[in-house]
Amino acid sequence: MIKGFKIFKNAISADDRRLLVHDLRLAVERAPLYRSYTPSGQPLSVRTTSMGRYGWYSDAAGYRYVTRHPNGTKWPAIPAPLLNLWGLLVSTDRAPDSCLLNYYSGTAKMGLHRDNDEVDFSWPVLSISLGDDALFRVGGMARGDATQSVWLSSGDVVVMGGDARRAYHGIDRIKFGTSRLLAHGGRINLTLRVAK
DNA sequence: GAGTACCG
DNA sequence: GGAT
């Protein structure tokens, strides 16, 4: 596995997961899930929203961070438990300014890509899995490099720093119905970042 | 011409 | 590995 890639299995307790989902439900009421598009016009299979000063957005104009939801409102605040987790696992010098929420239905996936739209790659990305199990694939610095796969489950936390911050990664598939955390099933992935 | 959050 |  790439250096700088850390998995914390079961890092969030079952109680805290439920509290977190409650916070996220409030955020999604104000900033509903929407679909992003690749620059070539293909819709992503995940549905997305964000919290924090910046949200990740993409359409024909490309991948970027924006300060407002497509509905014109500012993104909701990042819930305090997530900021605390960042302080514990990443840094207390600076808080993240973006938390991307991707919802995976039973058939959603995420192709191999690199998080490439941030200003300073020295800040790690912190990723949280909630709900159904997901098959996570990690490669190297080049698209054709060998990859490894690992199953992530609800409450797992991944930190990608150092070399791993620039590594290709994606989600091959979800194992629908493996968790009862989310009322309608599926998976939520949260990624905390310093975007700008 | 580079790089790929899509597809096959 | 494309087509964009």
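What you see below is based on every heavy atom in this structure, not just the backbone, and it leaves out hydrogens, waters and symmetry mates. A, B, ... follow the sequence lines: proteins, then strands. Residue 1 opens every chain.
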note: A:Arg166, atom CZ; B:dG3, atom P; distance rounded to Å ~ 11 Å
Over how many whole Å does the gap from A:Asp172 atom CG to B:dC6 atom C1' extend?
-> 15 Å
Here the salt bridge (Lys or Arg N to Asp or Glu O under 4.0 Å) pairs for residues 134-162 of chain A, sequence neighbours left out, are A:Lys9-A:Asp156, A:Arg137-A:Asp172
A:Lys109 NZ to B:dG8 C1', in whole Å, measures 10 Å
Taken to the nearest whole Å, CE/A:Met141 to C1'/B:dT4 is 17 Å
Could you work out the separation of B:dA2 and B:dC6 based on their P atoms and round it to a whole Å?
-> 23 Å
Sequence neighbours left out, what passes side chain to side chain contact (heavy atoms under 4.5 Å, CB included) with A:Arg25? Give chain and number order.
-> A:Val21
Where do N or O atoms of nucleotides 1-4 of chain C meet protein N or O atoms at under 3.5 Å, pair by pair?
{"from": "C:dG1", "atom 1": "O6", "to": "A:Arg143", "atom 2": "NH2", "distance (Å)": "2.6"}

Which residue pairs pass the salt bridge (Lys or Arg N to Asp or Glu O under 4.0 Å) test with at least one member in residues 26-51 of chain A, sequence neighbours excluded?
-> none
Test A:Asp115 against every option in A:Arg193, A:Arg165, A:Arg166 by the side chain to side chain donor-acceptor pair (under 3.5 Å) rule and name the one that passes.
-> A:Arg193
B:dG1 pairs with, by Watson-Crick or G-U criteria that keep both distances under 3.5 Å = none
Set of residues satisfying salt bridge (charged side-chain N to carboxylate O under 4.0 Å, His left out) with respect to A:Asp93, sequence neighbours excluded | none
For atom CG of A:Asp145 and atom P of B:dG3, their distance in whole Å = 14 Å
Ring pair (Phe, Tyr, Trp, His ring centres under 6.0 Å) partners for A:Tyr34, two or more places apart | A:Tyr57, A:His69
In residues 115-133 of chain A, which residues come under 4.0 Å of DNA chain B by heavy atom?
-> A:Asn116, A:Asp117
Please state how far atom CG in A:Leu44 lies from atom P in B:dC6, giving the value in whole angstrom units.
-> 5 Å
Roughly, in whole Å, what's the span from CG in A:Leu112 to C1' in B:dC7?
-> 13 Å
Starting at the 5' end of DNA chain C, what dot-bracket string do you get if Watson-Crick and G-U pairs under 3.5 Å are bracketed, crossing pairs use [ ], other-strand pairs use | and unpaired bases use dots?
-> |||.
Side chain to side chain contact (heavy atoms under 4.5 Å, CB included) involving A:Lys74 - partner list, sequence neighbours excluded = A:Arg68
For A:Arg187, all residues meeting salt bridge (charged side-chain N to carboxylate O under 4.0 Å, His left out), sequence neighbours excluded | none
What is the nucleic acid contact for A:Tyr168, judged by heavy atoms within less than 4.0 Å: base, sugar-phosphate only, or nothing?
-> sugar-phosphate
Considering all heavy atoms, the nearest A:Tyr54-A:Ser98 contact | O-OG, 2.8 Å
Among pairs that include at least one residue of residues 80-124 of chain A, which meet ring pair (Phe, Tyr, Trp, His ring centres under 6.0 Å), considering only residues two or more places apart or in two chains?
-> A:His113-A:His169
Name all residues meeting the side chain to side chain contact (heavy atoms under 4.5 Å, CB included) criterion together with A:Pro39; count only those two or more places apart in sequence or in a different chain, and write none if there are none.
-> A:Tyr63
